[in-house]
Visitor: 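Handing you this structure, nothing more for now.
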Amino acid sequence: MQDIILRIRELMKYYELNISETAEKLGISQPNLSAMLSGKRPIGGNIINKFIISFGINKDWLESGKGEMYDLSTRQIGLRMFMIRNQRKWTSQETADLLKLPVSEYQGIESGKTIPDKQIIDDFIYISNANPAWIYTGIGEKFQDDYIAYTQEQESDKANHRNVISRIEVLMEAANISFSDLAIKCKLSHSTLADFFNSDKPDDNNLIDIIASSTGANKNWILTGSGSPFEDNSPLADDCAKTFDNIFGSPQKADTRPRIPYTAAAGSLTSAVEGITANQCEQIPRINIFPEYDFTIIIKGNSMEPKYEGGDEVACKRIDSTSFIQWGKVHVLDTAQGILIKRTYEDGEKIRCVSYNPEYPDFSIDKNEIYSMSLVVGLVRL
């Protein structure tokens, strides 16, 4: 595994990506990737496949060091994009405009001279309603007319799976069970358990049954967060009761967080509202599946679509002297110009603010004009 880690670091150096940026490109959490690159967590087959698809690299090179970093067969993606474009009767210029690319760059992708970035491929799939499996591998039908509905369903499945994994991790923390301990208790290999933790697919009920029965956990709580975390007859229930009270709050005492009564301007700067105190805020019951957070706030606008939509409510953790800014992550910023929500990157004496919606350009704000920053740790979509 150490050789794979070295090749992954070589790949990151080639693209000049840090761990946060690499994790974002793969669609996994930064702590998860950090644990794998430090050798604390195994790199499962699912993660290897993410690297292959996201960077278009040669599988043999990544797994064994054989051959070159890039497999020329990945250039077939450009040919398949050309075939889809022809069937849609689009010109190169029209397609490049839809993707917001220079036409020369798009023509380089079709000709096989340039290996396209995964985001470009995904954007092409979205605008053309192409079948993702066919674009990436040549397998299946070229088009999938219900692709938009399919992607929405996939995003919902991913969110549900992340919630399940979060509850299992909290369960492990409360019971003082390490990843290795859990694998041993469940009689599973490290790679099988790692693939389950890192998967984007809907939850494997068989593995959840194994985890629940091996730890005495309540399966319904793992899946939905409802009920008690442990079965009544579980030997861990009494030992973990105090820990779970600390994590989830005592059931006899309402655990709430304030909802800030103004919206984050996602896409436009608004007048900052100062002097908000806790007793002026609506108190909302704490959402237990989220990591610790200090408040929620409602988003306005569309500059953070498709990940965050106007009307979404986000849970935020204030950044103080004991924590640090996680560059590349989404933060809520209270600035001299207003309240906004953006991905943040260091930019010398400024902080660069980046939207998900490509229609909104990046901009930078002087650090001395930022009153506070809070990390977004959870999303509620009604």
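All values reported here derive from a predicted model rather than from experimental measurement. Heads up: numbering here begins at 1 and tracks the sequence.
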Visitor: Should Leu340 and Phe363 be marked as a side-chain contact (heavy atoms from CB on, under 4.5 Å) after you check the CA-CA gap, both sets of side-chain angles, and the distance that decides it?
Guide: CA-CA 12 Å; Leu340 63 154; Phe363 59 91; 3.5 Å; yes
Visitor: Rounded to the nearest 0.5 Å, how far apart are CZ of Arg9 and CG of Leu17?
Guide: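 CG of Leu17 is found 13.0 Å from CZ of Arg9.
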Visitor: Are Arg259 and Phe295 in a cation-pi contact, defined as NZ or CZ under 6.0 Å from the six-membered ring centre and within 45° of the axis?
Guide: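 No cation-pi geometry.
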Visitor: To the closest 0.5 Å, what do you measure between NZ (Lys59) and OG (Ser64)?
Guide: 10.5 Å
Visitor: What's the separation between atom CD1 in Ile8 and atom CD1 in Ile19, rounded to the nearest 0.5 Å?
Guide: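 The distance works out to 10.5 Å.
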Visitor: Decide side-chain hydrogen bond (donor to acceptor under 3.5 Å, both in side chains) for Lys342 and Ser303; before the verdict, give the C-alpha distance in whole Å, the side-chain angles of both, and the deciding distance to 0.1 Å.
Guide: CA-CA 9 Å; Lys342 297 288 178 205; Ser303 75; 2.7 Å; yes
Visitor: Counting C-beta onward and ignoring hydrogens, is there a side-chain heavy-atom pair between Lys100 and Glu359 closer than 4.5 Å?
Guide: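 With C-beta onward as the side chain, the pair touches.
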Visitor: For Asn220, does its backbone N or O pair with a side-chain atom of Asn218 as donor and acceptor, under 3.5 Å?
Guide: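 Pair found, side chain donor or acceptor close to backbone of Asn220.
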Visitor: Between Asp117 and Lys25, is there a salt bridge with N-O shorter than 4.0 Å?
Guide: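 Looking at Asp117 together with Lys25, the answer is yes, because their closest N to O distance falls below 4.0 Å.
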Visitor: Distance alone, cut at 3.5 Å: any donor-acceptor contact between the side chains of Tyr360 and Asn302?
Guide: yes
Visitor: Quick check on the hydrophobic clustering: are Ile77 and Phe82 connected, directly or via other members, by side-chain heavy-atom contacts under 4.5 Å?
Guide: yes
Visitor: Are Ser34 and Lys40 linked by a side-chain donor-acceptor pair shorter than 3.5 Å?
Guide: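 The answer is no; no qualifying pair exists.
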Visitor: Would you call Lys66 and Asp60 a salt bridge, using N to O less than 4.0 angstrom?
Guide: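 A salt bridge is absent here (no side-chain N lies under 4.0 Å from a carboxylate O).
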Visitor: Tell me whether Arg352 contacts the main-chain N or O of Glu346 through its side chain, where contact means a donor paired with an acceptor under 3.5 Å.
Guide: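 No; judged by distance alone, with no hydrogens or angles, the pair does not exist.
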Visitor: Among the clusters formed by ILVMFWY side chains lying less than 4.5 Å apart, do Ile127 and Ile135 turn up in the same one?
Guide: yes
Visitor: Shortest non-hydrogen contact from Met373 to Ile325?
Guide: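 Nearest heavy atoms, Met373 then Ile325: SD-CD1, 3.8 Å.
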Visitor: Locate the shortest heavy-atom distance separating Leu99 from Ile120; write the atom from each residue and the value.
Guide: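 Reported closest heavy-atom pair: CD2-O, 4.1 Å.
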Visitor: Going by an N to O cut-off under 4.0 Å, is there a salt bridge joining Arg286 and Glu292?
Guide: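 Yes, Arg286 and Glu292 are salt-bridged.
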Visitor: Hey, does the side chain of Asp195 reach the backbone of Asn46 with a donor-acceptor pair shorter than 3.5 angstrom?
Guide: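 Looks like yes, one N/O pair under 3.5 Å.
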Visitor: Can you measure from OH (Tyr126) to CG (Leu98) and round to the nearest 0.5 angstrom?
Guide: 12.5 Å
Visitor: Closest heavy-atom contact between Ile5 and Leu37?
Guide: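 Looking at all heavy atoms of both residues, the shortest contact is CG2-O, 3.4 Å.
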Visitor: Heavy atoms only: give me the nearest Arg257-Asp294 pair and the separation to one decimal.
Guide: CD-O, 3.8 Å
Visitor: Would Ser364 and Asp347 count as having a side-chain donor-acceptor pair, cut-off 3.5 Å?
Guide: yes
Visitor: Given 3.5 Å as the limit, does a donor-acceptor pair link the side chain of Tyr293 with the main chain of Ile287, or not?
Guide: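 At least one qualifying donor-acceptor pair exists.
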Visitor: Is it true that the side chains of Ser189 and Ser191 contain a donor and an acceptor less than 3.5 Å apart?
Guide: yes
Visitor: Side chains of Ser374 and His331: any donor to acceptor distance under 3.5 Å?
Guide: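 The answer is no; no qualifying pair exists.
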Visitor: Give a yes or no on whether the backbone of Trp221 and the side-chain of Arg167 come within a donor-acceptor separation of less than 3.5 Å.
Guide: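 Yes, because the side chain of Arg167 sits within donor-acceptor range (under 3.5 Å) of the backbone of Trp221.
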Visitor: Mind listing the closest non-hydrogen atom pair of Ser180 and His190 along with its distance?
Guide: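 Heavy atoms only, the tightest pair is OG-NE2, 3.0 Å.
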Visitor: Might you work through the side-chain contact (heavy atoms from CB on, under 4.5 Å) test for Leu33 and Ser29, ending with a clear yes or no?
Guide: CA-CA 6 Å; Leu33 181 58; Ser29 69; over 6 Å; no
Visitor: Determine whether a donor-acceptor pair (N or O, by modelled atom type, separation under 3.5 Å) exists between the side chain of Lys367 and the backbone of Gly348.
Guide: yes
Visitor: Using 0.5 Å steps for rounding, measure from the OG1 atom of Thr95 to the CZ atom of Phe124.
Guide: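 It comes to 6.5 Å.
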Visitor: Under a single-linkage definition using a 4.5 Å side-chain heavy-atom cutoff for Ile, Leu, Val, Met, Phe, Trp and Tyr, are Val330 and Leu379 assigned to the same hydrophobic cluster?
Guide: yes
Visitor: Treating Asp312 as the side-chain partner and Glu309 as the backbone partner, does any N or O pair qualify as donor plus acceptor under 3.5 Å?
Guide: yes
Visitor: Take a 6.0 Å sphere around NZ of Lys307 and say whether it holds more than 12 heavy atoms from other residues, nucleotides or ligands.
Guide: no
Visitor: For Thr344 and Lys329: C-alpha separation, side-chain torsions, deciding distance, then whether side-chain hydrogen bond (donor to acceptor under 3.5 Å, both in side chains) applies.
Guide: CA-CA 6 Å; Thr344 57; Lys329 296 288 188 179; over 6 Å; no
Visitor: Hey, could you give me the OG/CG distance between Ser355 and Asp362, rounded to the nearest 0.5 Å?
Guide: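 The OG atom of Ser355 sits 7.0 Å away from the CG atom of Asp362.
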Visitor: Between Glu110 and Arg85, is there a salt bridge with N-O shorter than 4.0 Å?
Guide: yes
Visitor: Is the backbone of Ser178 close enough, under 3.5 Å, to the side chain of Asp181 for a donor and an acceptor to pair up by distance?
Guide: yes
Visitor: Of all heavy-atom pairs between Trp327 and Ser20, which one has the smallest distance, and what is that distance?
Guide: O-OG, 2.6 Å
Visitor: Are Thr296 and Glu313 close enough that a side-chain donor and a side-chain acceptor fall under 3.5 Å?
Guide: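 Side-chain D/A pair, Thr296 to Glu313: present.
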Visitor: Look at Asp209 together with Lys219 and state whether they make a salt bridge at an N to O cut-off of under 4.0 Å.
Guide: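 Judged by the 4.0 Å cut-off on N to carboxylate O distance, Asp209 and Lys219 do form a salt bridge.
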Visitor: Counting C-beta onward and ignoring hydrogens, is there a side-chain heavy-atom pair between Val314 and Tyr308 closer than 4.5 Å?
Guide: yes
Visitor: Do Val103 and Leu101 sit in one hydrophobic cluster, given that two such residues count as connected whenever their side-chain heavy atoms are within less than 4.5 Å of each other, even indirectly?
Guide: no
Visitor: Quick check against the 3.5 Å criterion: does Arg88 have a side-chain atom that pairs as donor or acceptor with the backbone of Ser128?
Guide: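 Checked: pair present.
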Visitor: Would you say Ile341 ends up clustered with Val354 if hydrophobic residues are merged whenever their side chains have heavy atoms under 4.5 Å apart, either directly or through other cluster members?
Guide: no
Visitor: Check whether any side-chain N or O of Ser213 sits under 3.5 Å from a backbone N or O of Ile210 as a donor-acceptor pair, and report yes or no.
Guide: yes
Visitor: Indicate yes or no: does Glu369 engage Lys350 in a salt bridge with an N to O separation below 4.0 Å.
Guide: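 Between Lys350 and Glu369 there is no salt bridge, as every charged N stays at least 4.0 Å from the carboxylate O atoms.
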